[in-house]
Amino acid sequence: MNELTQEIRDLCKEKDALILAHYYVDEKVQDIADYIGDSFYLAKVAKSASCKTIVFCGVTFMGQSANILSPDKTVLMPDLNAVCPMALMVNAEDIQKMRAQYDDLAVVCYINSMAEIKALSDVCVTSSNALNIVKNLPNKNIFFIPDGNLGRYIANMCPEKNVILNPGHCHVHSTITADDVERAFNLHPNAQVLVHPECKEEVCNLADFIGSTKDIIEYSQESDCTDFIICTELGVIHEMKKRSPEKNFYAVNSYQICPNMKKVTLEKIRDCLKYNKGEITVDESLRDLADSPLERMLELGSVPERSLI
Ligand code: 13P
Ligand code: SF4
């Protein structure tokens, strides 16, 4: 263990802190985390972990959700400027307008959203439970926010619902094109194509498997195939390689890096613990409103869901 890692470990002990990290953060940060996972897993850990402090290595909507689900813990973010741009791609007015049009509307809010938007929604979802939750809602009319690509994927899988889409997107996933995938496939013809549902439809159509980061990682481990073309942020490859060192993982373009997730560094983790900085809090009144769609997700989303295609 190097000096910085040791210092972080000592600070965690002193402050009764646990480090939670998303699969898209830098490899060194993944390696120091107590818990690493997809958005759903990390939300569950944030709620149930018994510690005074959580250091959330991810983007701000994740830290906010941890504070909403577990208000008694201190949630520190190593970099408060690590914001997911897609989380800002819907506003309260969009929701109010849609509610005025339909009596029977469920506003289904991807967890990649800010607390103000969650507070106006009926239920939150992540990519690992969205399909299951939407399918089981009693409502026919669903306003899916903010990700238009995940929304379209859910709409295609739930033809019995009227899923209304919002024009939000992830700039990392939506830069991946079918041409990129086909080029990679020509170079690696035995590879399976693993796709996150934040990708465009033309990319989803080429997938052997579509799923959340955790599901994609598990699929790569369990599959008999040895080569995989990765259509998501490339941080997942670190865990894939750990689980299957003999397998090969290929990127499709040079933009598969989330600059916000990569803002988290070991130095910033050390500093937030050492100087008690980067605390993320949501106002109590807003927190109460945003808590119920998140709790509903935990309740409805815990049914295992694999192989989304
Ligand atoms: P999951 O880890 O839930 O698949 O989410 C991907 C993502 O974009 C998080 O910002
Ligand atoms: Fe947001 Fe996309 Fe980065 Fe995920 S990968 S945090 S959706 S910008």
Side-chain angles (χ1 to χ4, degrees), residues 38-40 42-44 46-47 59-69 71 83-170 173-174 196-199 201 212 282-303 305 308:
D38 67 1
S39 310
F40 186 46
L42 293 176
K44 287 189 286 187
K47 185 174 165 71
V59 285
T60 48
F61 75 78
M62 296 178 167
Q64 274 194 340
S65 299
N67 177 244
I68 294 164
L69 286 166
V83 177
C84 168
M86 182 170 67
L88 309 173
M89 292 183 187
V90 65
N91 60 47
E93 218 174 68
D94 300 330
I95 299 176
Q96 280 147 9
K97 270 192 204 151
M98 208 54 77
R99 285 214 190 269
Q101 281 182 50
Y102 296 91
D103 289 337
D104 148 48
L105 186 77
V107 178
V108 176
C109 181
Y110 193 26
I111 199 166
N112 297 40
S113 54
M114 301 316 282
E116 290 76 3
I117 296 300
K118 290 186 172 80
L120 297 172
S121 302
D122 295 298
V123 62
C124 289
V125 295
T126 72
S127 54
S128 67
N129 57 37
L131 183 57
N132 187 41
I133 290 179
V134 170
K135 267 195 181 303
N136 288 305
L137 285 175
N139 317 60
K140 166 121 178 118
N141 297 307
I142 308 287
F143 185 30
F144 195 96
I145 53 172
D147 187 10
N149 284 314
L150 180 60
R152 182 221 65 249
Y153 172 71
I154 298 298
N156 289 346
M157 300 295 284
C158 300
E160 70 280 16
K161 303 279 183 187
N162 174 35
V163 181
I164 305 150
L165 303 179
N166 173 73
H169 66 278
C170 161
H173 289 86
S174 58
H196 193 280
E198 287 179 17
C199 288
E201 188 163 27
S212 77
V282 175
D283 263 12
E284 205 178 326
S285 54
L286 184 58
R287 204 168 62 204
D288 287 347
L289 292 170
D291 185 47
S292 86
L294 277 168
E295 294 287 353
R296 203 166 170 213
M297 171 186 81
L298 296 181
E299 188 191 316
L300 300 176
S302 292
V303 181
E305 182 187 313
L308 300 181

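- Inter-residue side-chain proximity for F143 and V108 is flagged as unmet; no heavy-atom pair is nearer than 4.5 Å.
- Looking only at distances, a side-chain donor or acceptor of K140 sits under 3.5 Å from a matching main-chain atom of E160.
- Note that SG of C84 and CD1 of I111 are 11.5 Å apart. Values are rounded to the nearest 0.5 Å.
- Taken to the nearest 0.5 Å, the CG atom of L150 stands 11.5 Å off from the CG atom of N166.
- Between the side chains of E201 and Y153, no donor N or O sits under 3.5 Å from an acceptor N or O.
- Judged by distance alone, the side chain of N129 and the main-chain N or O of T126 form a donor-acceptor pair under 3.5 Å.
- In N136, the CG atom is crowded: over 12 heavy atoms of neighbouring residues, nucleotides or ligands sit closer than 6.0 Å.
- A donor-acceptor pair is defined here as one N or O able to donate and one able to accept, closer than 3.5 Å; no such pair exists between the side chain of N149 and the backbone of H169.
- Ion pairing of E295 with K47 is present here, as a side-chain N (NZ or NE/NH1/NH2) and a carboxylate O approach within less than 4.0 Å.
- Side-chain N or O atoms of D94 include one that pairs as donor or acceptor with a backbone N or O of N91 at under 3.5 Å.
- Not a single donor-acceptor pair under 3.5 Å links the side chain of E198 to the backbone N or O of C170.
- Residues satisfying the side chain to side chain donor-acceptor pair (under 3.5 Å) criterion with N141, sequence neighbours excluded, are N162.
- For N139, the side chain to side chain donor-acceptor pair (under 3.5 Å) test picks out D104, with sequence neighbours left out.
- Listed for the K118 side chain is no donor-acceptor partner under 3.5 Å among the backbone atoms of Y110.
- For Q101, the CD atom is densely surrounded, since the number of other residues' heavy atoms within 6.0 Å is greater than 12.
- Test V90, I95, L289 against L120 for side chain to side chain contact (heavy atoms under 4.5 Å, CB included) and you get one pass: I95.
- Using a distance-only test at 3.5 Å, with no hydrogens or angles considered, no donor-acceptor pair links the side chain of S121 to the main chain of V123.
- Within the model, atoms OG of S292 and CE of M297 stand 12.0 Å from one another, a figure rounded to the nearest 0.5 Å.
- For the atom pair CE (M86) and NE2 (H173), the distance works out to 8.5 Å, reported to the nearest 0.5 Å.
- Under 4.0 Å is where a charged nitrogen must lie from a carboxylate oxygen, and between R99 and D122 at least one such pair does.
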